[in-house]
Structures are given as structure tokens and as C-alpha cells.
Student: 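Can you read through this structure? Questions will come right after.
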Amino acid sequence: MAVFSKSNVPQFAVGIYQNEYLPEGGREVNAIVTVTATGGGTLGGRPPGPQSPTLMPGTAPDAAVVIMVDCSGSMDDPPTKMDNARDATATAIDAIRDGVAFAVIDGTHVAREVYPADGGLAVADSATRHQAKQAVRKLTAGGGTAIGSWLWLADQLLATADVPIRHGILLTDGRNEHEAPGELWAVLDACAGRFTCDARGVGTDWEVKEVTGIASALLGSVDIVADPSGLADDFRQMMESAMGKGVADVALRVWAPQGCAVKWVRQVAPTVEDLTLRRTEAGPRAGDYPTGSWGDESRDYHVCVQVPYSEVGEEMLAARISLVLPQPDGTTQAVSQGFVRALWTDDLAASTHIDPQVAHYTGQAELAQAIQQGLEARKQGDFDSATSKLGRAVQLANASGNDDTAKLLAKVVDVVDAASGTVRLKARVANADEMTLETRSTKTVRVPR
């Protein structure tokens, strides 16, 4: 197993926000868990790419990244799309830090490694970055789309590197039409936990659920680049973010005492991601929920615990929450824990108060669901349901201060009154606007603290 450099591993802090008071007979405890990582990042304060210090001879890579570029026939319509993809990939290569292992895959109905093209990974330095960009300049469009094969090859290549950080960047402009139904999802199941992956859809002919499903399964980011000319800047930002990760395979460990049960665990910031069904058992009454790779950043999680029936005046620990980091010897270590408590009271004001953090993120999760359900109803021709759901989304976005989502909604509906959620469906909606709203529906805003 790869050994982490202590200087690159972030320090984690856990904060708990909750109303611990329950009425007599109350059995559900909700808490927002804020996890903050500081002092990490594989860059260690160094700039990415060619400006990085030269890798010392004999030094092993500390991270690996594979770029998967859609080269199917549709990438030549218009031809500038393929030009933009080549430029974006070259920009991403320039952002790879010295010492990082990397490869580039040409993705069509088959997957082909175009650099270093030897079944392994190259180690980034000025020479290999130049060679990789030369190879990328030769990429041409042709063939079909089988995204599962791209991810499978990426997994095989990343597995050749004994490094703590394994990451993929995937670009597609079309639907996964050249694999048997379910093959992509089977590959995602096999790759989950082995590497993280950011996914991007370029143009408007790809399937949102496919691309968002890839990012969700592999704990990466997702977005639309409707105008291909924006690819280079987006790829640079993705690669710089990947280069800033300091530790992978971090888990949120939730321990609940006898008689308590964890109902759900969701990431709620910066995006909504349900982790409940990804739990792996971690000893008596404890479960680990994967969170992926971390650099210097902060995320929020909503944890709901069911507690046993208790009388007024009784108090108990409902859950203990900690971060679990992988260790060089293959074990894990729990760090920086917080506690979720329950205290039963007959004080009505205390027991009915909803913690502002819990209320905010409950609304943000409902917002994402309302957008997705509203857009689906619109596609199915159920305009009454679409109006109702998207109106509720407008109301929630307005109440929570989620201005970015509110602006995206305003491109799909005419807002009559945001506070009440009164809207009218627009007669004409650009595909790019609808897909952008759906792709970014899970992005949230945080409560000012």
C-alpha cells in the first residue's frame, strides 16, 4: 500500500450542529456534521505543471490521473468540438504536477491508451508532458461510444501505480449507445472505491443521468460545458483540483449505541449525495460511509439517527461521528470525532425548535428533488405536475438564498412570485438551459456561520 507523506495529509476537524431536545416519545435525531480539512493538498504550496520542482531520481509518484477523451464520430460535429477537446486535454496535461503518474485514453466504442501507450503510466515532467500533448494533437473523431470500456481501462492503468490518490477525468458528448444495457453500471460498481472521477458533458446531445451517475458512483464532480470553447478552462480547473488532493479513501464513521439505528447519511454541501446505501460495516454498531479524496476544503453531511423511546428528563448519546483515514500498514485510523446527543424535555419551545443548519439542508435536499421531478414531469408531458414541482423549487431556492439555482430555474419557468412559488412553464426552453439545471440541481449553498 502506498505510504502517505505526513506533510501532505490534511488535518480534519468535525463540528456538530443540532437541536438535541426531543419531546416525550420523540425518536428521530437530526444533525449536520461539518468536516473541515486544512493543511493538506498534494501540491504542498507548489504551483502545478512545468513550474513544479523536478522529481528527484528514484522518487515514486504520489498520485495518478487518467484523462478519458471522447473521440466518437459525433465529436466531429462541428469539427471545432474535437479541436476544443484536444486543446482542453493539452491544458489539463500542463496542469499535472511533476511526479504524478498519468495517461490519456482515446474513447470510442473501444478504449485505447494513446499515451504513454505501453499499458502503464508515465511520470509527469517537462519531457513527458510535451510527448503527451504531441500524442493528443493526433486524436481524431470516429466510431461509437462505450463509456464503460473507457472507465475499465482507466481502472487497469491506475491500478499499476502504488499511489494514495487515483483520479480520472472523463469527457463525453454523446449517449452510451455501444454497450449492452447495464454494462456501464456494472463497471461503475466494480470501480467504486478504486478511483474518483470528474465527469463532463460537452454540448447538448449527451444523457444527463449517465454522466451524473458516473460522477456520483465515483465520488467526483459533474458539470455541463454547453459551449465547447469553455472546455480548456474547465479542464484546467478540474486538474488543479485533482492535484490539490492530499488523502484518498476517507470515510465518515458513524457509531450508534444499542437501540439506535442510522436512518440515513447524506452529503449536503457542496452538493447533495446520498451515502446511505454505501455503508460498510466497521465493527459492532459502526458503519463507514465513503467521502472520496480530500484537499483543503469543507463539506457538510446530514445524519439522521433513530433513538429508542425515552421519558422526559432522560439523556443519551445518539451517535459518535469521526473521520477514518487509511494508514500505510493497510489499517485505518479514526480522527477528530464529534457527538450527536438526545435529551427528552417537556419544554415545547425547546423540542419544536429546528436547528437552522438542519432546516436549511433539508430544504436544499428537497430543492434538488423538486427540480429533478419537475424536469422529468415536463419531459413526460405532465405539465401540471411540472409546474407544481418547479414552482416549489423556485420557492425553496428563493428562501435559502441559492441564487445560482434560482437563475437557472428562471430560464425554464417564468417566475410570477418567488416567495409563494407561483410560476408558469416557458413555452420554449433551450436544451442547454434544461440540461444545465438538471446537471447542477444538486449544488447547494451553505448557511452563513
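What's counted below: heavy atoms across the whole structure, side chains too, no hydrogens, waters or symmetry copies.
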Student: May I ask you to say whether D223 pairs ionically with R440, meaning some side-chain N is under 4.0 Å from a carboxylate O?
Tutor: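 Judged by the 4.0 Å cut-off on N to carboxylate O distance, D223 and R440 do form a salt bridge.
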
Student: If we check side chain to side chain donor-acceptor pair (under 3.5 Å) with D288, which of these qualifies: R253, R278, R279?
Tutor: R253

Student: Can you tell if the side chain of P308 reaches within under 4.5 Å of the side chain of C260, non-hydrogen atoms only?
Tutor: yes

Student: Do N398 and Q395 have side-chain N/O donor and acceptor atoms under 3.5 Å apart?
Tutor: no

Student: Is it true that the side chains of Q267 and T271 contain a donor and an acceptor less than 3.5 Å apart?
Tutor: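 The criterion, which ignores hydrogens and geometry beyond distance, is satisfied for T271 and Q267.
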
Student: Contact between C197 and M68 at the side-chain level, heavy atoms closer than 4.5 Å - yes or no?
Tutor: yes

Student: Are side-chain N/O atoms of Q373 and K389 paired as donor and acceptor at under 3.5 Å?
Tutor: yes

Student: Identify whether the distance between the nearest side-chain nitrogen and carboxylate oxygen of R175 and D205 falls below 4.0 Å.
Tutor: no

Student: Do the charged groups of R137 and D87 touch, with an N to O distance under 4.0 Å?
Tutor: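 Yes, this pair counts.
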
Student: For W294, is the NZ or CZ atom of R299 found under 6.0 angstrom from the centre of its six-membered ring and inside 45 degrees of the ring axis?
Tutor: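 Yes; both conditions hold, so R299 lies above the ring face of W294.
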
Student: Is D94 salt-bridged to K133, cutoff N-O under 4.0 Å?
Tutor: yes

Student: Going by an N to O cut-off under 4.0 Å, is there a salt bridge joining D155 and R166?
Tutor: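 No.
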
Student: Any salt bridge between D62 and R97, counting N to O under 4.0 Å?
Tutor: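 Looking at R97 together with D62, the answer is yes, because their closest N to O distance falls below 4.0 Å.
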
Student: Less than 4.0 Å between a side-chain N and a carboxylate O, is that true for R341 and E315?
Tutor: no

Student: I need the single residue from N431, D173, D433 that forms a side-chain contact (heavy atoms from CB on, under 4.5 Å) with T204. Which is it?
Tutor: N431

Student: CH2 of W152: more than 12 outside heavy atoms within 6.0 angstrom?
Tutor: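 Counting other residues, nucleotides and ligands, CH2 of W152 stays at 12 neighbours or fewer.
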
Student: May I ask you to say whether K209 pairs ionically with E438, meaning some side-chain N is under 4.0 Å from a carboxylate O?
Tutor: yes

Student: Going through the checks in order, is the side-chain hydrogen bond (donor to acceptor under 3.5 Å, both in side chains) test met by T160 and Q156?
Tutor: CA-CA 7 Å; T160 65; Q156 291 178 306; over 6 Å; no

